[in-house]
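Numbered from 1 within each chain, the chains take letters A, B, ... in sequence-line order.
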There are 2 protein chains.
Amino acid sequence: MHPTFEHHDHSHCCGDSLTRAEALMAERGARLTPVRRRVLELLLESHRALGAYDVLERLSAEGFGNQPPVAYRALDFLVEQGLAHRIQRLNAFTACMHAGEAHAPAFLICRACDTVAEAPVAPVRAALDTAAAELGFVVERASIEALGLCPNCQGAA
Amino acid sequence: MHPTFEHHDHSHCCGDSLTRAEALMAERGARLTPVRRRVLELLLESHRALGAYDVLERLSAEGFGNQPPVAYRALDFLVEQGLAHRIQRLNAFTACMHAGEAHAPAFLICRACDTVAEAPVAPVRAALDTAAAELGFVVERASIEALGLCPNCQGAA
DNA sequence: TCTTGACGTGTTATGATATTACATACTAGA
DNA sequence: TCTAGTATGTAATATCATAACACGTCAAGA
Ligand SMILES: [Zn+2]
Ligand SMILES: [Zn+2]
Ligand SMILES: [Zn+2]
Ligand SMILES: [Zn+2]
């Protein structure tokens, strides 16, 4: 488990993720082009979710295109490749902290500091599959998003 | 559990829900005005989720206001009162099949027929709380939405 | 009775999020 | 080098959501 909520060397955290992403893309023959790479960096800057238009603003300021598809395409690519996740609740995107592990995580979103963490989902997913199966429903994809307080913000509240 | 996926007497299903809603609103001193009531009826018509603009179109055709706030206000009211739920994934709303029971359900969304059912969430929620607690995170509200195939559509696929 | 304040509704305008369609440019093989 | 597939840029538009204000109703309470 990545220690999103703990104090950690975040520049290593970003660097490692980027390195890992590059390795994965090479392995798969997918191209981590400049825009895509830059968007991933932007998402990695903080353990928060960024809206597509936030990303676009940054890209645009740096000389990339300034129309929505520029951001959406890069974000969609990262999501497809499992390097980022979309947070439905926030209409926003966050870098994946477990790239390459093929997972559909649960997200823990702190309502105070906006930090987004990925929680291990296996038992939750199992419970969901069971509940669904009782109704005859077969779950293909699930989005599980929790809003609450991260350990660092529980004192303040 | 409401038999959303089973064949059922849907006009009773709607009628019962409406009656129940009226009773609840009376109990709470909240007002189920004509617009609000009509929106609830629209949501009850099918076990599907309706977008705010779908609702608005119907309202408008029936002589209510034709601007977005008309729909959003009624929908927000129903959600606050627990008579409807918002489905994040679909940017849409669905009538609650368990009004008054104070619950935050899991939604099962059939990707073939768009039917939305509510599944019992207690074990799922417990698993989520546990997973979150291991990271020191306190869950306040969770949205759990599953995409898959309902029993009726599993044959076709 | 008159006032007043809370609530509900209608409307205008705008903001926020997302996609379609088409043109241009790059890249990897044949 | 040619070419097909992929990536990027841009304009236009679609879809989802809210802010702000005007007006009407109704029920306290002066
Ligand atoms: Zn970090
Ligand atoms: Zn926090
Ligand atoms: Zn029914
Ligand atoms: Zn179905």
*Asks:* Is L43(B) reachable from L24(B) through a run of hydrophobic residues whose side-chain heavy atoms are each under 4.5 Å from the next?
*Replies:* yes
*Asks:* May I ask you to decide whether R58(B) forms a salt bridge with D54(B), counting only side-chain N to carboxylate O separations under 4.0 Å?
*Replies:* no
*Asks:* What is the separation between atom CG on L59(B) and atom P on dG10(C), rounded to the nearest whole Å?
*Replies:* 9 Å
*Asks:* Does a side-chain N or O of N91(B) approach OP1 or OP2 of dA17(D) to a distance below 4.0 Å, or not?
*Replies:* yes
*Asks:* CD of E80(B) versus P of dC7(C): gap in Å, rounded?
*Replies:* 12 Å
*Asks:* When you check the phosphate oxygens OP1 and OP2 of dA17(D), does a side-chain N or O of R86(B) lie under 4.0 Å from one of them?
*Replies:* yes
*Asks:* Return yes if the base of dA17(D) and the side-chain atoms of Y53(B) contain a donor-acceptor N/O pair under 3.5 Å, otherwise no.
*Replies:* yes
*Asks:* Tell me what R36(A) touches on the nucleic acid: a base, only sugar-phosphate, or nothing, going by heavy atoms under 4.0 Å.
*Replies:* sugar-phosphate
*Asks:* Taking the six-membered ring for Trp, are H10(B) and H12(B) ring centroids under 6.0 Å apart?
*Replies:* no
*Asks:* Please classify the nucleic acid contact of R31(B) as base, sugar-phosphate, or nothing, using heavy-atom distances under 4.0 Å.
*Replies:* sugar-phosphate
*Asks:* Between atom CG in L90(A) and atom P in dA16(C), what is the gap in whole Å?
*Replies:* 16 Å
*Asks:* Without decimals, in angstroms, what is the distance between Y72(B) OH and dT15(D) P?
*Replies:* 12 Å
*Asks:* Once rounded to the nearest 0.5 Å, what's the spacing between atom CG of L40(B) and atom CZ of F93(B)?
*Replies:* 13.5 Å
*Asks:* In whole Å, I'd like the distance from the CG atom of L75(A) to the P atom of dT17(C).
*Replies:* 13 Å
*Asks:* Quickly work out the Q81(A) CD to dT6(D) P distance and round it to whole Å.
*Replies:* 13 Å
